[in-house]
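Here the structure is laid out as structure tokens; the discussion comes afterwards.
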Amino acid sequence: MFEEEKQKIANWLLNPDHPESLSLEEAEERLRTLSLWKVYEEIEVPLFPILKDMSATGIRLDHSRLASLAKELKDEIAKETKEIFALAGGEFNLNSPKQVADILFTNLGLKPLKKNSKSGTSSTDYETLVSLKAAHPIVEHLLKSRELIKIEGTYVSKLLSAPERIHAVFNQMGAATGRFSSHDPNMQNIPPVVKQVFIPSDGFTFVSLDYSQIELRLIASLSGDETMIAAFKKGIDIHRLTASKIFKIPLQEVDDRMRGMAKTLNFGIIYGMGSVAFSKQAGVTRKEAEAFIKEYFKNFSAIKNYEEDIVMQALQVGYTENIHGRKRFLPDLASRNSFLANNARRAAINMPVQSLGADVIKLAMIKFWEKYHANSSVKLLLSIHDELLFEIKDSKIDLVIPDLIKIMESVLSLSVPLKVDVAKGKRWSDLS
DNA sequence: AACCTCACG
DNA sequence: ACGTACGTGAGGTTC
């Protein structure tokens with residue numbers, strides 16, 4: 001069954017960045033020699049019909065709520081546009097970064113923050129506009145209009161012409177790390193304001209189950225870092241703990257700003273972030289950023305060792321892999337171009353973590369499917385990296401939720417428990 | 001088609 | 001001198 005798809009999946013597993021087109025037999029032979037057979041047979045192949053069914057089910061749209069949201073947005077956009085043209089002293093195309101740059105940096109004499117790397121023109125992106133907020137009143141209106149135009153143009157106006165149910169396509173070979181991607185439309189990047197237009201089928205309730213801090217739990221387990229493992233086992237707020245370590249203060253003295261910085265650092269570490277990026281993100285000097293990162297790795301030394309080992313191994317064999325053998329080849333690691341080599345280095349650090357996260361949710365979907373695919377009271381609607389959105393018949397909710405949690409939390413056994421948070425409600429924007 | 005910008009995990 | 005946090009999809013402008 002579905003031989004053609006199996007062939008695509010097999011080829012993609014062999015090299016996600018550059019899938020070849022070996023015959024099914026050749027590809028399966030190579031999967032065996034590369035220890036990818038289990039990922040192929042136990043994860044990717046069973047997943048194919050599940051994704052098909054998820055798309056076929058679709059998610060219901062509340063067209064009357066959508067219409068009122070659309071009107072609201074259009075009115076606000078018109079208002080902002082009028083303000084902007086008045087302050088600029090003339091009309092221009094708000095969607096043209098070139099014309100926005102002309103207004104800001106030529107007509108109004110504001111100072112550019114940075115140049116675009118490819119074209120050399122002055123950037124007008126979010127970061128730039130935020131830095132210019134105090135310099136001219138037009139800037140905050142530009143920020144607001146960008147936000148509104150994005151939401152209206154990319155999401156709301158596209159949904160207006162959609163049927164009652166949205167059937168997005170989920171691609172199991174969408175990302176080189178093993179994550180899904182979604183398109184037509186992309187249901188994995190719906191902004192909070194737009195979520196209000198999605199509602200469950202009659203007699204059903206949305207139930208969202210998401211893995212709490214899954215990537216941080218995974219890197220704690222993979223690296224064997226005792227400090228972080230102990231924190232997760234005890235259920236301590238991990239960002240708070242991190243803040244107390246890098247600021248060298250007791251847990252009780254951690255304030256929101258410190259916790260926020262620690263959170264940035266915790267996520268940044270998974271991506272191989274350096275001191276320049278951290279200083280920018282956290283709003284501290286580069287020197288301070290260096291000190292924080294140093295202190296971080298002093299306290300979580302196993303994570304530092306783990307990341308160094310990953311890079312060393314990747315340099316030797318030319319790829320990184322996760323504990324299931326899922327691989328990503330990174331030829332740029334050996335590049336003399338340091339930009340390319342550094343990008344590959346960070347991708348190498350991130351891959352074993354992000355891809356294991358992808359495996360966790362894929363395994364959960366398969367376990368769910370084995371038990372529930374014939375049960376018309378429970379429908380899987382969306383899979384969003386660390387979250388599964390279901391609709392469940394109202395009368396079955398209390399029965400089913402604990403079982404879904406159990407399924408999701410027990411797909412893998414690691415040094416750290418997997419934790420799932422639940423929220424339910426009659427609108428996607430309104431889950432609690 | 002390349003580029004910039006920006007939505008999400 | 002310069003630029004770096006991973007992974008996506010999508011809209012518009014410019015050439």
Side-chain angles (χ1 to χ4, degrees), chain A residues 16-17 92-102 114-129 142-143 145-158 168-195 208 210-216 219 264-282 286 289 293 307 310 320 328 330 337-355 357-358 360-361 382-389:
Chain A
D17 289 298
F92 61 98
N93 187 346
L94 288 174
N95 281 320
S96 164
K98 188 167 170 274
Q99 294 182 39
V100 172
D102 257 1
K114 59 185 176 187
K115 300 237 185 243
N116 289 314
S117 53
K118 310 261 177 175
S119 64
T121 56
S122 295
S123 174
T124 69
D125 69 4
Y126 178 81
E127 188 195 351
T128 303
L129 294 183
L142 282 172
L143 278 165
S145 74
R146 280 257 176 94
E147 184 191 336
L148 296 169
I149 288 169
K150 179 73 175 182
I151 287 167
E152 201 279 330
T154 303
Y155 304 97
V156 174
S157 75
K158 301 295 156 187
V169 179
F170 285 85
N171 184 359
Q172 76 189 91
M173 298 165 286
T177 52
R179 275 188 173 187
F180 301 123
S181 67
S182 157
H183 62 93
D184 298 309
N186 183 355
M187 287 300 292
Q188 292 182 318
N189 71 346
I190 304 295
V193 259
V194 182
K195 288 186 176 177
S208 160
D210 70 286
Y211 284 104
S212 166
Q213 292 163 328
I214 184 155
E215 292 193 347
L216 218 43
I219 204 171
T264 301
L265 201 44
N266 274 328
F267 281 110
I269 291 309
I270 297 167
Y271 303 144
M273 181 173 60
S275 59
V276 178
F278 180 59
S279 67
K280 213 179 271 182
Q281 194 71 34
R286 199 180 149 173
I293 291 174
E307 294 191 345
I310 294 290
T320 35
R328 180 172 182 186
L330 294 163
N337 178 333
S338 69
F339 176 69
L340 293 179
N342 279 328
N343 283 344
R345 187 188 138 273
R346 288 192 301 272
I349 289 170
N350 179 261
M351 190 276 174
V353 182
Q354 189 179 126
S355 72
V360 165
I361 205 155
L382 303 174
S383 177
I384 312 178
H385 310 309
D386 63 355
E387 171 192 3
L388 295 176
L389 183 71

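The structure presented is a predicted model; accordingly, all values stated were derived computationally and were not measured.
Between K114(A) and T177(A), the residue anchored closer to the 5' end of DNA chain C is K114(A), taking for each the nucleotide with the nearest heavy atom.
When distances are taken from the side chain of S181(A) to each of dA5(C), dT8(C), dC6(B), the shortest belongs to dT8(C). In the set dT13(C), dT4(C), dA7(B), the nucleotide with an atom closest to the side chain of N93(A) is dT13(C). Distances were taken from every side-chain heavy atom of K150(A) (C-beta onward) to each of dC6(B), dT4(C), dT14(C); the shortest belongs to dC6(B). The side chain of Q281(A) approaches dA5(C) more closely than any other nucleotide in the set dA5(C), dC8(B), dC6(C). Side-chain proximity of T264(A) to the nucleotides dT8(C), dA5(C), dC6(C) is greatest for dA5(C). Listed nucleotides dT4(C), dC6(C), dA10(C) differ in distance to Y271(A); the shortest reach to its side chain belongs to dC6(C). Listed candidates were dT4(C), dG9(C), dC6(B). Nearest to the side chain of R146(A) is dC6(B).
If you take atom P in dG3(C) and the same atom in dC4(B), they sit 13 Å apart, rounded to whole Å. Comparing the C1' positions of dA7(B) and dC2(C) gives a spacing of 29 Å, expressed to the nearest Å. Between dT4(C) and dC3(B), the two P atoms lie 14 Å apart (nearest whole Å).
Within the 4.5 Å cutoff, no side-chain heavy atoms of K115(A) are placed close to those of S123(A). Taking the side chain as every heavy atom from C-beta outward, D17(A) and R328(A) approach each other to under 4.5 Å. Residues M273(A) and I293(A) are not in side-chain contact: their nearest non-hydrogen atoms beyond the backbone lie 4.5 Å or more apart. V193(A) is not listed as a side-chain neighbour of E147(A), based on a closest heavy-atom distance of 4.5 Å or more.
Distance check, rounded to the nearest 0.5 Å: OG1 of T177(A) to NE2 of H385(A) gives 9.0 Å. Here the CD1 atom belonging to I349(A) is positioned 13.5 Å from the CD atom belonging to Q354(A), to the nearest 0.5 angstrom.
Using a 4.0 Å heavy-atom cutoff across all strands shown, N189(A) reaches at least one base atom of the nucleic acid. Using a 4.0 Å heavy-atom cutoff across all strands shown, P192(A) reaches sugar-phosphate atoms only and no base atom. In this structure, A358(A) reaches neither bases nor backbone, as no heavy-atom distance under 4.0 Å exists between it and the strands shown. Looking at heavy-atom distances under 4.0 Å, Y126(A) makes contact with sugar-phosphate atoms alone, never a base.
For the pair N95(A) and dT5(B), the criterion of a side-chain N or O lying under 4.0 Å from OP1 or OP2 is not met. The side chain of R328(A) places an N or O atom within less than 4.0 Å of a non-bridging phosphate oxygen (OP1 or OP2) of dG7(C). Checking the phosphate oxygens (OP1, OP2) of dA5(C), no side-chain nitrogen or oxygen of R346(A) falls inside 4.0 Å. For T154(A) and dG9(C), the shortest distance from a side-chain N or O to OP1 or OP2 is not below 4.0 Å.
Counting only distance, with no hydrogens or angles, the side chain of N350(A) and the backbone of R346(A) share no donor-acceptor pair below 3.5 Å. Distance alone, capped at 3.5 Å, is enough to place a donor-acceptor pair between the N337(A) side chain and the L340(A) backbone.
Following rounding to the nearest Å, Q188(A) (CD) and dG9(B) (P) show an atom-to-atom distance of 10 Å. Atoms CG (L143(A)) and C1' (dC6(B)) sit 12 Å apart, rounded to a whole Å. A straight line from CD1 of I190(A) to C1' of dC6(B) spans 14 Å, rounded to a whole angstrom. The NE2 atom of H183(A) sits 20 Å away from the P atom of dC8(B) (whole-angstrom rounding). When rounded to the nearest whole Å, the span between CG of N186(A) and C1' of dT5(B) equals 16 Å. dA7(B) atom P lies 17 Å from atom NZ of K158(A), rounded to whole Å. Summarising the geometry, the separation between CD on E152(A) and C1' on dG11(C) is reported as 12 Å, rounded to the nearest angstrom. Distance NE2 (H385(A)) to C1' (dT8(C)): 6 Å, rounded to an integer number of Å.
Residues of residues 115-125 of chain A that place a heavy atom closer than 4.0 Å to DNA chain B, in numerical order, are N116(A), K118(A), S119(A), S123(A), T124(A), D125(A).
For N342(A) and dT4(C), a side-chain-to-base donor-acceptor distance below 3.5 Å is present, hydrogens and geometry of angles not being considered.
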Point to revise | Q188(A)/S182(A) under side chain to side chain donor-acceptor pair (under 3.5 Å): CA gap, chis, key distance, verdict | key: CA-CA 6 Å; Q188(A) 292 182 318; S182(A) 157; 5.1 Å; no
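With a 3.5 Å ceiling on both atom-pair distances, dA1(C) lacks any Watson-Crick or G-U wobble partner.
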